[in-house]
Amino acid sequence: MAGTGTMRLSLTNVNMQTTCGALLSELEQIWTEIGESEVEKDKMLLELEMECLQVYRKKVDEACDTRAFLRQSLITKEAEMAALIGSLGEHNLQLQTDQRLESLKGQLAFITPMVENLRSKKDERVNKIAAIRSEIEKIIGEINGQNFQTNVGKVDDDDLSIRKLNDYQAQLRSLQKEKSERLHKVLEYVNEVHSLCCVLGNDFGKTLNGVHPSLHEPGLGQSTNISDSTLEGLSQMIQKLKLEKRKRTQTLRQVFESLIELWNLLDTPEEERKHFEKNSCILRSQEEDVTNSGVLSTESVKEIEAEFDRLTELKSGKMKELVLKKRLELEEVCRQAHIEPDTSTASDKLCALIDSGLVDPSELLTNIEGQITKAKEESDIRKDILDRVNKWEAACAEERWLDEYNQDENRYSAGRGAHLNLKHAEKARLTAVKIPGIVDNLISKTFTWECERNLLFFYDGARLISLLEEYKLSRQQKEEEKKRFRDQKKLQYLLLTEKEALYGSKSSPKKSNSFKRPNGCHAYGNTNGFMTPAPRRVSVGSATPELLTPRSYSSRQNGYFKEMRRLSTAPLNFVAIPKEDTISSFTSISCLEPGSPPRG
């Protein structure tokens with residue numbers, strides 16, 4: 001390349017010399033023709049050389065300036081490139097120019113695209129960092145509850161490295177996560193406020209505006225406020241609404257319970273109650289489970305209170321009827337518990353007191369309600385004993401059925417349902433055997449009950465232990481009667497055997513009517529020829545062949561006993577027996593049940 005440049009310069013000089021020599025020869029020829037002197041010719045040639053020298057000098061100066069400019073530009077580019085590399089952190093990009101490029105223009109043309117590329121990278125990096133910083137400042141402003149300002153500070157050009165960009169991006173991600181969590185929390189609070197406002201019937205929008213307007217209807221370009229003050233305001237609002245919900249729930253529950261009592265007292269029809277059916281959930285649900293819309297609204301509370309006031313006024317007009325109704329309820333509770341109701345609040349006395357105006361009917365009603373509560377409590381206390389009494393009564397009923405069944409002449413017939421009666425009879429026999437143990441256990445339990453509470457256990461006005469003792473006594477007497485009856489039948493069988501031995505197989509004329517059963521004749525008889533006297537009214541220690549139970553004892557209109565013995569009114573027959581007979585002292589013969597063989 002250098003040799004080629006030298007050759008081009010030599011050829012240019014040769015051509016220039018040839019051209020200048022030709023022109024100079026031509027100029028000299030012209031001057032000769034003109035007649036210029038040699039002095040003039042030398043002078044003009046000197047001027048011509050000076051002009052040529054000035055032209056060359058000017059070109060040299062211009063070339064020097066161009067070279068200086070190119071050098072300065074190259075230095076500037078290299079310095080800028082070095083600054084860009086340092087700012088962008090592109091330290092792996094080395095500033096190296098091609099050593100073969102000796103010309104300044106070549107070097108400048110080589111470095112200029114690299115500088116332009118670094119400039120574009122810088123601009124892109126600056127814009128990206130600026131956008132990230134703007135988003136960071138915006139989120140920080142939202143978290144701090146400050147209005148975001150769009151004029152973000154100038155980006156630092158000294159540090160635009162990838163590391164710096166990653167730091168900004170990590171900070172932005174952290175703030176975005178915090179913002180998301182705050183938005184989620186704000187949304188939860190807002191939903192809870194909405195639920196509470198629906199239950200309480202409050203204005204949801206007005207409630208949220210009291211915390212921050214952006215929570216209900218964010219304005220144009222305005223985001224939901226997620227600052228600490230907003231979260232704290234929502235939390236306080238929720239606590240306030242919960243407190244109000246708790247107060248209204250307690251108030252409405254008390255009023256509604258009283259309202260239900262009035263409905264039951266006044267026999268309010270279901271059509272009127274259905275209007276308040278949606279409010280009944282507060283009685284069945286916990287406070288946090290009450291979520292029906294408007295169930296605790298001010299209008300609902302006022303409506304229920306108005307209904308309560310209306311029924312209270314109506315109650316005052318029907319107080320006499322309500323008092324008598326409560327008295328009937330008391331009597332029913334006492335009847336089920338087999339206790340005597342308080343006679344001071346009998347129906348006739350209550351009517352007299354109310355009509356006289358001496359006593360407030362509300363006080364009477366409260367008194368009777370207290371008696372009902374006390375009676376129910378006493379019923380619970382007596383439940384164990386009463387269950388045992390019911391078991392005893394059921395066993396006695398089975399025993400009575402068994403007695404009636406045993407007196408049925410056709411009980412062994414092959415009629416319809418006979419096998420069921422046989423099974424029932426077997427079961428009844430097993431039950432009847434347990435009766436003495438049931439009675440003894442009941443007496444023991446009753447004694448224990450009385451000792452524990454230092455109270456007597458009364459059953460329909462009579463002491464239960466007295467009833468049980470009477471029952472045991474009457475049962476013992478009945479067993480003795482049955483034993484005497486069996487002995488009599490055994491005696492009758494022996495007499496028949498003796499008579500058959502004396503008179504043969506034919507019956508004696510005198511004994512033809514001896515074993516006829518007169519109308520109304522019962523299995524029981526008396527050996528002395530007299531009839532058993534009619535039973536008297538039962539008292540402790542009285543002798544009677546019948547059994548007492550609490551049920552029969554309480555049925556005064558039917559007498560103390562349900563099963564009364566029918567006494568035989570037929571005359572007794574006598575049979576002559578030889579003196580040598582060892583059993584001649586027994587002369588009376590009772591009539592036998594028809595169709596029943598004598599039992600020995």
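Sequence positions, counted from 1, serve as the residue numbers for this chain.
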Going by heavy atoms in the side chains, are [X] and [Y] under 4.5 Å from each other?
X      : Y      : value
Leu196 : Thr207 : no
Leu328 : Leu324 : no
Leu422 : Tyr405 : yes
Lys472 : Asp440 : yes
Leu241 : Cys197 : yes
His338 : Arg382 : yes
Leu330 : Cys334 : yes
Leu350 : Leu364 : yes

Answer yes or no: is there a donor N or O on one side and an acceptor on the other, between the side chain of [X] and the main chain of [Y], under 3.5 Å?
X      : Y      : result
Thr448 : Ser444 : yes
Ser180 : Gln176 : no
Thr312 : Phe308 : yes
Ser174 : Gln171 : no
Arg327 : Thr345 : yes
Arg388 : Ile443 : no
Ser379 : Ala375 : no
Glu450 : Phe457 : yes
Thr373 : Glu369 : yes
Thr446 : Leu442 : yes

Report task. Assess the side chains of Tyr459 and Arg463: does a donor N or O sit below 3.5 Å from an acceptor N or O? Result -> no
Query raised in the report: Between the side chains of Gln254 and Gln250, does any donor sit under 3.5 Å from an acceptor?
Result: no
Between [X] and [Y], does any side-chain N to carboxylate O distance fall below 4.0 Å?
X      : Y      : answer
Arg119 : Asp123 : no
Glu135 : Lys138 : no
Asp167 : Arg163 : yes
Arg310 : Glu272 : yes
Asp309 : Lys302 : no
Glu244 : Arg248 : yes
Glu378 : Lys374 : no
Lys376 : Asp380 : no
Lys326 : Glu331 : no

Other residues, nucleotides, ligands: >12 heavy atoms within 6.0 Å of [X] [atom1]:
X      : atom1 : value
Lys445 : NZ    : no
Lys128 : NZ    : no
Glu188 : CD    : yes

Reported [atom1]-to-[atom2] distance for the pair [X] and [Y], which is rounded to 0.5 angstrom:
X      : Y      : atom1 : atom2 : value
Ser466 : Leu464 : OG    : CG    : 8.5 Å
Glu124 : Asn127 : CD    : CG    : 8.0 Å
Ile304 : Ser258 : CD1   : OG    : 11.5 Å
Phe256 : Glu307 : CZ    : CD    : 9.5 Å
Lys383 : Ile381 : NZ    : CD1   : 13.5 Å
Glu363 : Leu353 : CD    : CG    : 11.0 Å

Heavy-atom pair of closest approach, residues [X] and [Y]:
X      : Y      : result
Leu231 : Ile226 : CD1-O, 4.3 Å
Ala432 : Glu399 : CB-CG, 4.1 Å
Trp449 : Leu455 : CZ3-O, 4.0 Å
Trp263 : Arg273 : O-NH2, 3.1 Å
Leu386 : Gln336 : CD1-O, 4.4 Å
Ser227 : Arg182 : C-NH1, 3.7 Å

Query - side-chain contact (heavy atoms from CB on, under 4.5 Å) assessment of Cys396 paired with Tyr471 - result: CA-CA 11 Å; Cys396 292; Tyr471 175 81; 3.4 Å; yes
Requested in this report: Evaluate side-chain contact (heavy atoms from CB on, under 4.5 Å) for Glu393 paired with Val389, printing each intermediate quantity in order.
Outcome: CA-CA 6 Å; Glu393 290 179 346; Val389 172; 3.9 Å; yes
Report task. Determine, step by step, whether Thr230 and Asn225 satisfy the side chain to side chain donor-acceptor pair (under 3.5 Å) criterion, reporting the C-alpha distance in whole Å, the side-chain angles of both residues, the deciding distance to 0.1 Å, and the verdict. Result -> CA-CA 7 Å; Thr230 300; Asn225 191 280; 2.3 Å; yes
Report task. Check step by step if side-chain contact (heavy atoms from CB on, under 4.5 Å) holds for Phe458 and Glu340. Result -> CA-CA 9 Å; Phe458 287 94; Glu340 293 293 328; over 6 Å; no
Report task. Could you check Asp342 against Ile368 for side-chain contact (heavy atoms from CB on, under 4.5 Å), going step by step and ending with a plain yes or no? Result -> CA-CA 9 Å; Asp342 187 1; Ile368 297 176; over 6 Å; no
Query raised in the report: Does any pair with a residue in residues 421-436 pass side chain to side chain donor-acceptor pair (under 3.5 Å), and if so which ones, sequence neighbours excluded?
Result: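 Listed once each, the pairs are Glu398-His424.
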